[in-house]
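First the structure, in the form of structure tokens, and then the observations on it.
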Amino acid sequence: MEPIRIGVIGIGDISDVYLNNLKKYDAVKVVACASRGLEKAQRKAAQHGIPKAYASGDEVIADPEVDLILNLTTPQAHFQYNLAALQAGKHVYTEKPLAATFDEGRQLAGLAREKGLLLGCAPDTFLGGRLQNLRELIDNGTLGRITGGGAYFVGHGHEFHHPGPAFFYQPGAGPLYDMGPYYMTALLSLLGPVQRVCAMATKAGETRVVPSGPCEGQVLPVDVETHICATLEFACGAVVTLTCSFDVWDSELPRLELYGTKGTALIDEKDPISGPNLFGGDLLLRTPEHYRWRDHDRAPEVVGEPWAVVANAHPFNSVSHEENPRGIGLVDMVYAMRNGRAPRASGDMALHSLEVMECILRSASEHIFCEPSTSFERPAPLPLDFPRSEED
Ligand SMILES: NC(=O)c1ccc[n+]([C@@H]2O[C@H](COP(=O)([O-])OP(=O)(O)OC[C@H]3O[C@@H](n4cnc5c(N)ncnc54)[C@H](O)[C@@H]3O)[C@@H](O)[C@H]2O)c1
């Protein structure tokens with residue numbers, strides 16, 4: 001079968017990870033890339049053996065030999081190119097968030113549906129081995145009914161490692177829209193849609209200074225909330241705490257944990273910018289027979305065993321930020337198109353995620369509960385032998 005021909009818009013920090021990965025799959029071929037300057041695009045094209053380079057996103061979209069646009073621009077440009085690509089009859093897979101506002105996201109989902117085009121959205125880390133392993137614990141009943149959970153991303157922003165961090169403090173980003181989608185998508189893929197939200201939010205300051213790197217000393221305006229605490233009630237009944245912050249000078253977090261009637265499962269990381277934004281890593285489990293409790297006769301000794309590490313047979317277990325399988329959501333979408341099934345990293349789930357995030361900010365600013373209007377089908381688990389199973 002002929003590969004789906006991909007045109008990439010935006011060739012910054014994350015692009016090499018995608019371009020290296022997509023080379024591994026015969027179902028897709030990157031045929032063009034674009035930046036806001038021809039020279040940069042030509043350099044990237046030469047580096048990755050991409051046949052065509054363009055000086056603007058619009059030129060890639062206009063190329064009749066491109067079937068699908070991979071949008072790796074900064075969040076503030078997602079809507080513009082996603083919309084133009086769909087209008088031009090191209091399928092779209094975009095980095096998160098789907099758009100900067102729910103209204104824009106809804107326009108994209110409506111247009112894709114109307115035109116019969118596929119719309120997919122990162123993150124695809126929920127397809128990684130660790131979260132698929134957690135999904136298995138839910139589906140096979142090990143955890144029982146999920147009653148609650150906690151999802152905590154805390155750190156002090158991306159200006160410590162990103163070469164151009166200004167966009168992280170503009171609407172469409174901030175800790176909620178930048179890192180929140182990893183936690184939100186993990187939760188949505190595991191628990192299904194959210195039915196009610198309440199939240200509070202604040203920020204540590206109106207500006208931040210880049211401490212090092214190419215933008216050292218640059219003063220960044222902070223036009224978003226940078227410390228957000230939300231409570232999410234899922235339609236399945238689970239009530240989950242979500243915290244997303246760029247205002248924390250270290251913590252024992254991040255962490256994502258789910259509380260079931262038969263046990264607790266959690267992922268925790270020592271690296272502050274890791275968590276469900278990694279594909280692999282340990283999944284820990286504690287069941288009632290290993291419950292830790294304080295024996296009144298032997299206090300203060302805590303009785304119990306260490307957390308059990310759950311055995312993992314799932315693919316995609318990278319624990320590196322630099323080398324990881326980002327893009328498998330796109331590959332899955334291409335197979336979905338060929339095999340007439342729903343894509344897993346779907347536009348519908350991304351739209352719901354965007355709406356929930358907007359509900360969080362609205363709840364925080366208006367001091368109200370908010371109920372999302374959208375829903376989605378929970379994505380099917382990823383087969384253990386993906387993508388070979390798709391080719392049978
Ligand atoms: N950097 C990471 O580690 C990382 C990880 C996962 C996801 N992401 C996501 O990937 C996306 C890109 O992030 P990045 O870190 O690569 O950003 P970046 O700033 O390094 O690169 C963005 C690219 O988009 C281009 N661009 C921006 N606005 C444009 C416009 N209007 N027209 C054409 N091109 C435009 C820039 O020229 C640049 O090539 C974001 O949505 C981000 O959330 C980044």
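The first residue in the sequence is number 1, and the count goes up from there. Counting starts at 1 for both ligands and their atoms, in listed order.
The proximity of His162 to ligand 1, defined as any non-hydrogen pair under 4.0 Å, is limited to the side chain.
With respect to atom 10 (O) of ligand 1, the closest heavy atom belonging to the protein is Glu95 CG, 3.2 Å. The shortest contact between atom 25 (C) of ligand 1 and any protein heavy atom is with Gly10 CA, 3.9 Å. The closest protein non-hydrogen atom to atom 13 (O) of ligand 1 is Phe167 CZ, 4.1 Å. The nearest protein atom to atom 31 (N) of ligand 1, hydrogens excluded, is given as Ala77 CB, 3.7 Å; this is a heavy-atom distance. Among all protein heavy atoms, the one lying closest to atom 42 (C) of ligand 1 is Lys96 NZ, 4.0 Å. With hydrogens left out, the protein atom closest to atom 32 (N) of ligand 1 is Tyr81 OH, 2.7 Å, a heavy atom. Closest protein heavy atom to atom 12 (C) of ligand 1: Leu72 O, 3.3 Å. The shortest contact between atom 36 (C) of ligand 1 and any protein heavy atom is with Arg36 NH2, 3.5 Å.
Judged by distance alone, with hydrogens and angles left aside, the side-chain atoms of Arg135 form a donor-acceptor pair with the main-chain N or O of Ser189 at under 3.5 Å. Side-chain N or O atoms of Asn339 include one that pairs as donor or acceptor with a backbone N or O of Glu390 at under 3.5 Å. The main-chain N or O of Cys33 is never found under 3.5 Å from a side-chain atom of Lys52 such that the two would form a donor-acceptor pair.
Of the options Asp13, Thr73, Thr74, the smallest heavy-atom separation from atom 1 (N) of ligand 1 is shown by Asp13.
Near Ile11, the atoms of ligand 1 lying under 4.0 angstrom from a non-hydrogen atom of the residue are 23 (C), 39 (O). Near Asp178, meaning under 4.0 Å from one of its heavy atoms, ligand 1 places the atoms 43 (O). Every atom of ligand 1 is numbered from 1 in the order shown, and the set under 4.0 Å from a heavy atom of Tyr182 is 5 (C), 6 (C), 7 (C).
Residue Glu136 holds its CD atom at 12.0 Å from CG of Leu382, rounded to the nearest 0.5 Å.
The shortest N or O to N or O distance between His78 and ligand 1 is under 3.5 Å. Of the N or O atoms in Arg326, none lie within a sub-3.5 Å distance of an N or O in ligand 1. The shortest N or O to N or O distance between Ile14 and ligand 1 is under 3.5 Å.
At least one heavy atom of Lys40 lies less than 4.0 angstrom from ligand 1.
A donor and an acceptor atom, one from each side chain of His227 and Thr202, are nowhere located under 3.5 Å apart. For the residue pair Gln47/Asp16, the side-chain donor-acceptor check at 3.5 Å is satisfied. Checking Ser15 against Lys44 by side-chain atom types alone, a donor-acceptor pair falls below 3.5 Å.
No more than 12 heavy atoms of other residues, nucleotides or ligands shown are found within 6.0 angstrom of CD on Glu377. Annotation: Gln218, atom CD; neighbour count of heavy atoms from other residues, nucleotides and ligands within 6.0 Å is above 12.
Contact record, Glu257 with Tyr152: OE2-CE1, 4.4 Å, taken as the closest heavy-atom pair.
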Would Gln107 and Phe79 satisfy side-chain contact (heavy atoms from CB on, under 4.5 Å), going step by step from the backbone distance to the final call?
CA-CA 9 Å; Gln107 287 181 55; Phe79 175 65; 3.6 Å; yes

